[in-house]
Amino acid sequence: MKSNRVALAALLGLIALPLVVREPYFQHLMIMVLLWVTIGTGWNLLAGYTGQVSFGAAAFFGVGAYTAGLLSFHLGVSAWWGLALGGVVAVLVGFPFGWIAFPLRGAYFALGSLALGEVMRQLATIWESFTQGMMGVLIMPTFLSKLPYYYIALALAAGSVLVVRLVLGSRLGYYFISIREDQDAAMSIGINTTKYKMISLSLHAFLTGTAGALYMNYMGFIDPHVVFSLHDISIMAILVGIVGGVGTVYGPAVGAFIMVALQEVFRSAGFGALEALSKAIGGGFMAGLTKYVSQAHVLAFGILVVVVIMVLPNGLVGDWRKVSRLFKRAS
Amino acid sequence: MEVFLQTLVAGVLKGGLYALIGLGMTLIMGVMGIINLAHGQMMMVAMYVTYVCFNYLGLDPYLILFISVPALFLLGVLVQRYTLNPLLKVESLLPENQVLMTVGVGMVLTEVARFIFTSNYVSVKTTYSDATFFLGGVSFSVALTIAFCFACALTGGMFWFLLKTDLGRSIRAVAQDAEAASLMGVNAERIRTLTMGLGAGLVAAAGNLLLPIYYLFPDIGGPFTRKAFVITILGGLGSTVGAILGGVTLGLAEAFGATYIGMEFEDMVGLVIFIAVLLFLPGGFKRLTKI
């Protein structure tokens, strides 16, 4: 299979990458990309293959992160236990929610997941005696070098893609897709749709929660606004999915790369290029523009949602033929 | 007892405005079959229109209704015409593409507002913003009472429009069955565009009426979008009577929550209601009222 070979080559490349690129800044960016590959892949399994669009990735991400952080904060055990437990706790949070929302049709699940993220954020803010509220949770990072984090993130990302491939090759994957395509038809041939939607949700929650726990270990600091953020986590997860390609195995991986790069370009104002330019020209307008661009990534995301949905409804990977045809015509 | 009555009054008055927000949302839900996740953001835009007209033209906030409502009607029409209608023809895996699109539109609106007005809080202070009058020992905020009356009038007008006019009947027909309506000669696409405009206009009125007693910053849209969908779920998707009941219920619940549990829980109340409705009354008040 051609796609297999490409994936394997990409994996080998990613293993070798930090040995070539030694700059901590780029290693940090790559760790973020790999985290988003994990989250996006989990989201895609639920939304792209099972057809249940979740606006609540932040709920599971935050729960995973807080699990790791609070284990270390309250019990004094290593935050790495969170990596094992974060996903499990996220599943436990997702379970009652899915049990309420899945038997209902229509917009209930999408809205419910949006509400779940908000409930979690409010809870983490209000329950100060347990979560430290807005002060956040601070832990000491274990490693000074970025390499261990990089390889753990890579293992997680590769593992999540592998999970999706295994699921799709099995009976489970066919059940998921049948639910997406036609729920009534799936039910009429005896598929327990609620049960399989729950399994899909659990996988999504587990992968996202584990990514959250790794984030806590890596960054060393979380607060409710960072890990339960609607725009920076939940919407970002959706963007990673739709930019790369909903319902494709490798789409989220491509999407994660593009989205993190885009976010960074805006955050650093074109990697400092704009700043250099404004210094060279010396105009007040350019300085103002630079300042604004560094805050504009949400605007760019919004425009990106609009453009991608209209032009590439199946994402870069899903609409690859369309994209490559465009390139051919241009050259 | 006095505290209870006071809370009740505050809840009902606020509920009137919430009903207006929910009414727009439920109209869009009924006709398009989607949840408009840019609803609160449209309200935010209307509030900035009001703010600008008040500050630079010196108009009375209630006069500005005649500017902000048409302006947002236009915005709704443009959004539907150029972003949502084209999606109906695009083939894709996810039926939720339109909902995602409204999220994108909401983000763009918020950020553009931030670009123009910065993140600072602003407010519109009029002579009657803080004025109150007493009725049997219970105080009524003048601005909120006026807003409530306007909201009732607008809701009544909307009902008359939906029940008695040709256009209103067409809207209800498309909501019931778009295909059948098209076969009867209703231009479903135009009705969708019009409904989005109406929904945006209604929420604009709510934002405009709320501004004299509230504050304003670009991120205010998000919380109101959440309130709007809680109201819609509570009332039953697509039910107009339900939206009014849902709005008043949410207003009451928030007022009582803030008084008897604590101010910081005010935002949580709506979300708890949301989950309770899904558990105990899936389908909302629509199941009880049948309309």
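Note on naming: letters A, B, ... go to the chains in the order of the sequence lines (proteins, then strands), and numbering restarts at 1 for each one.
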For this session: Would you name the heavy atoms of B:Tyr82 and A:Met310 that are closest together and state the gap between them?
Result: O-CE, 3.5 Å
For this session: Please examine the side chains of B:Thr232 and A:Leu111, heavy atoms only from C-beta on, and report whether any two atoms are closer than 4.5 Å.
Result: no
Seminar exercise, completed: Within residues 216-223 of chain B, the residues sitting under 4.5 Å from chain A by heavy atom, in sequence order, are none
Exercise. Mind checking whether B:Phe274 and A:Val119 have side chains closer than 4.5 Å, heavy atoms only?
Worked result: no
For this session: Tell me, for B:Leu109 versus chain A, whether the close heavy atoms (under 4.5 Å) come from the side chain, the backbone, both or neither.
Result: neither
Exercise. Side chain, backbone, both or neither: which part of B:Val108 has an atom under 4.5 Å from a heavy atom of chain A?
Worked result: both
Problem set entry | Nearest-0.5 Å distance that lies between atom CZ in B:Arg226 and atom CG in A:Leu230 | 7.0 Å
For this session: Enumerate by number any residue of residues 22-32 of chain B whose heavy atoms lie under 4.5 Å from heavy atoms of chain A; in the absence of such residues, state 'none'.
Result: none
For this session: Output the option from A:Ala115, A:Ala300, A:Ala47 having the highest count of non-hydrogen pairs under 4.5 Å with chain B.
Result: A:Ala115
Seminar exercise, completed: Between the OG1 atom in B:Thr83 and the CD1 atom in A:Ile309, the distance rounded to the nearest 0.5 Å is 9.0 Å
Exercise. Under 4.5 Å between any side-chain heavy atoms of A:Leu299 and B:Met107, yes or no?
Worked result: no
For this session: Answer yes or no: is there a side-chain heavy-atom contact under 4.5 Å between A:Tyr108 and B:Ile233?
Result: yes
Exercise. To the nearest 0.5 Å, what is the distance between CG (B:Leu100) and CD1 (A:Ile235)?
Worked result: 8.0 Å
